[in-house]
Novice: 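Handing you a structure now.
Lettering follows sequence order; numbering is per chain, from 1. In what follows, every heavy atom counts, from backbone to side chain, and hydrogens, waters and symmetry copies are set aside.
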2 protein chains.
Amino acid sequence: MTTLSPSGPIAGQRKVRRATMNDVARLAGVSIKTVSRVVNDEPGVHPSTAERVLAAIDQLGFRRNLSARNLRRGSSTGTIGLVLEDVGNPFYSGVTRAVEEIARLRGRQVISGSSDEDPGRERELALEFCSRRVDGLLIVPAGLQHSYLVPEMRAGTPVVFLDRPAGDVVADTVLVDNIGGTVEAVTHLAAHGHRRIAFLGDAPDIFTANERLRGYREGCVRTGIGYHEELVAMGPHDEGSVAATLRRLRTLREPATAIVAGNNRITVHILRSLAGSAERPALVGFDDFELADLLSPPVTVIAHDASALGKAASDLLFARLDGDNSPPRRVVLPVRLVPRGSGEVHA
Amino acid sequence: MTTLSPSGPIAGQRKVRRATMNDVARLAGVSIKTVSRVVNDEPGVHPSTAERVLAAIDQLGFRRNLSARNLRRGSSTGTIGLVLEDVGNPFYSGVTRAVEEIARLRGRQVISGSSDEDPGRERELALEFCSRRVDGLLIVPAGLQHSYLVPEMRAGTPVVFLDRPAGDVVADTVLVDNIGGTVEAVTHLAAHGHRRIAFLGDAPDIFTANERLRGYREGCVRTGIGYHEELVAMGPHDEGSVAATLRRLRTLREPATAIVAGNNRITVHILRSLAGSAERPALVGFDDFELADLLSPPVTVIAHDASALGKAASDLLFARLDGDNSPPRRVVLPVRLVPRGSGEVHA
DNA sequence: GGCCACTATGACAACGTTGTCCCCCAGCGG
DNA sequence: CCGCTGGGGGACAACGTTGTCATAGTGGCC
């Protein structure tokens, strides 16, 4: 194995101009159009000519400029844009992976970015993607205003909202059954004898957090254990605030004996806070996560599949790209309670 | 809050042609060049003119076409390409996040794709990114041949290899101290009295797997416990093969009392296989992972920071983009053993 | 031998933007 | 009143590619 040094810029030389079809054409002694034909596998090029062209391409290291191509062709840049909350969050990286998979099958590249729950950033990313003329847009909304997308949608860019609905446009949306999930969580805990069930959720202006709170409340009402303000703690949570909340819940006149966690991050914060304490409340977490089954006790969760979400949204998007122009759809994916132990502790 | 329906394609109408600078110019009663000036915040436009232009832009929902811009300007498409093994793997999604962060600070978008350890796919992705004229390329190599990148590097596209070195080109590379890590793992286990330490690693043609094996071997030699073929199991591992290997290790004439796991996936497979069994060998895993500290016993790991890796690589890439043309560098990031319990079990 | 059909190839414009260069006009000094 | 200056704005070409249309050559057929 010889080690090639690319003897070019790396060694501090001037940048070499990139070869264009023109250069290839000159070298191969044909017209630029013929090069184009070869590059695009168009018929009607004599095999021997094609061979000369290919040799020239190889020699020059030619690679066609997709900016130029996209400009000329007008339609389809072969990319789709994905705006999510945080690629670093395993849930969203699962979504990303699924989207990438579907996109690959359909010959598209994914461009993604994290909004970090900042509506301004979400908008910035989405519009940036539009400037790049993505063929479609998948968005996990951070904000409630999406009218900024109207011109893009009018111009034919399909948009699918993911995990949360758009604020003020009508568009395809894929959600999970947040309400059903927390109703089930509460029901499950109540069935195991718990009457004092707390809910720790994310900031209430986040759609899913709010929905899950609603489900929690409905569960409390349906099971007859009643809804008690003091058992609810919403808001952006970090390790510290979760620990503080747990302390508070323990010292109530009637302490909480069970907890529903509003998302995977909160579940983990809770687990970490509880680590080592002998007495631990029953726990059901929203979102499944790796290793939940290996903890002791294993963590009961409301599971919903990141891949399924990504796949459903991509499928919807590609259906639009294929010309489906039926009215906007709202898909709600089911969740399921996975009993593992942590929620089956008796009160 | 009113609900806007984008009354366009969604409702099944014809696609509206997207507004161009020409349309804006016509509407604003100026030349296209003036529109360009406004859009690019160039000086020399009368405030009142600029206002008219901005109004027209708003009215038409104009968004400049970056394909055209990039084509015309020739340099910098404002994107960087990231080829990794699997965005769905938490380790790589951490890398992605870090890269995205740095890119954002430098005004770049990240385009990423997963190679799934397939060299062909890696190449395909990298070249696709080159066709899109990314400003730079970050690659977690799947294969050993990277001479296909030479024309690109010559043309001035900086390339940084991540986590593994390139096969046959000289280029910037950021690695972690794989050898040092497994040496330390073995040393740690030996210090706790283990003499029969097994190693479960990934396929040996993967650079990191091979390095870690080397470290393991060196650790065995240095500690004087000796290297025994029968204690090593390389190869692509899944849940089943790991379980089988563990059974084999248990039934040796001198069974293994400790295990070093070659990466986070293997560690998890091991944990899952061991779940429930009373007697468990000591374990040190390569790669830290979320909740490792909450398992029982908590899992001792060789930790290295995905963000640090992503950041180091991006920093290197942007240094190149800023004109640094010193000889290619190889950065090796330190790892550290995080003792948590699973590796401190006495033999 | 003349005409046609067909294959292989090329000339040219156009995609939407920006860099270069030029022009117009108001204001000002001589 | 003239020439000069500088701010504001426009005409035009060019980026690299592809779609449209034209054309040269070749062989077959009456």
Novice: What's A:Thr20 touching, base or sugar-phosphate or nothing? Going by heavy atoms closer than 4.0 Å.
Specialist: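 Answer is sugar-phosphate: A:Thr20 comes under 4.0 Å of backbone atoms only.
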
Novice: If you measure from the Lys or Arg side-chain nitrogens to the Asp or Glu carboxylate oxygens, is any gap between B:Arg18 and B:Asp23 under 4.0 Å?
Specialist: no

Novice: Quick check for you: name the first and last nucleotides of DNA chain D, 5' to 3', having an atom under 4.0 Å from a heavy atom of chain B.
Specialist: D:dG8 to D:dG16

Novice: Would A:Glu122 and A:Arg164 count as a salt bridge (charged side-chain N to carboxylate O under 4.0 Å, His left out) here? Give the steps.
Specialist: CA-CA 13 Å; A:Glu122 172 215 304; A:Arg164 311 169 189 170; over 6 Å; no

Novice: Say whether, by atom type as modelled, one donor and one acceptor occur between the side chain of B:Ser114 and the main chain of B:Val87 under 3.5 angstrom.
Specialist: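 Checked: pair present.
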
Novice: Check this for me, if you would: do B:Arg106 and B:Asp135 make a salt bridge, where the nitrogen-to-carboxylate-oxygen distance has to be below 4.0 angstrom?
Specialist: no

Novice: Between A:Glu128 and B:Arg108, does any NZ, NE, NH1 or NH2 come within less than 4.0 Å of an OD or OE carboxylate oxygen?
Specialist: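 Answer for the salt bridge query: no.
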
Novice: Is B:Asp324 salt-bridged to B:Arg329, going by a charged N under 4.0 Å from an acidic O?
Specialist: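 B:Arg329 and B:Asp324: salt-bridged.
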
Novice: Scan nucleotides 8-10 of chain C against the protein and return all N/O pairs shorter than 3.5 Å with their distances rounded to 0.1 Å.
Specialist:
from	atom 1	to	atom 2	distance (Å)
C:dT9	OP1	A:Thr49	OG1	2.5
C:dT9	OP2	A:His46	N	2.7
C:dT9	OP2	A:Thr49	OG1	3.4
C:dG10	OP1	A:Ser31	N	3.3
C:dG10	OP2	A:Ser31	N	2.7
C:dG10	OP2	A:Ser31	OG	3.1
C:dG10	OP2	A:Thr34	OG1	2.6
C:dG10	N7	A:Arg37	NH2	2.6

Novice: When you check the gap from the basic side-chain N to the acidic O, do B:Glu101 and B:Arg97 get nearer than 4.0 Å?
Specialist: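 Here B:Glu101 pairs with B:Arg97 in a salt bridge, since their nearest N and O are under 4.0 Å apart.
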
Novice: With heavy atoms under 4.0 Å as the rule, sort A:Asn70 into base, sugar-phosphate or nothing.
Specialist: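 The answer is nothing, as A:Asn70 stays clear of every strand by at least 4.0 Å.
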
Novice: Between A:Arg121 and A:Asp116, is there a salt bridge with N-O shorter than 4.0 Å?
Specialist: no

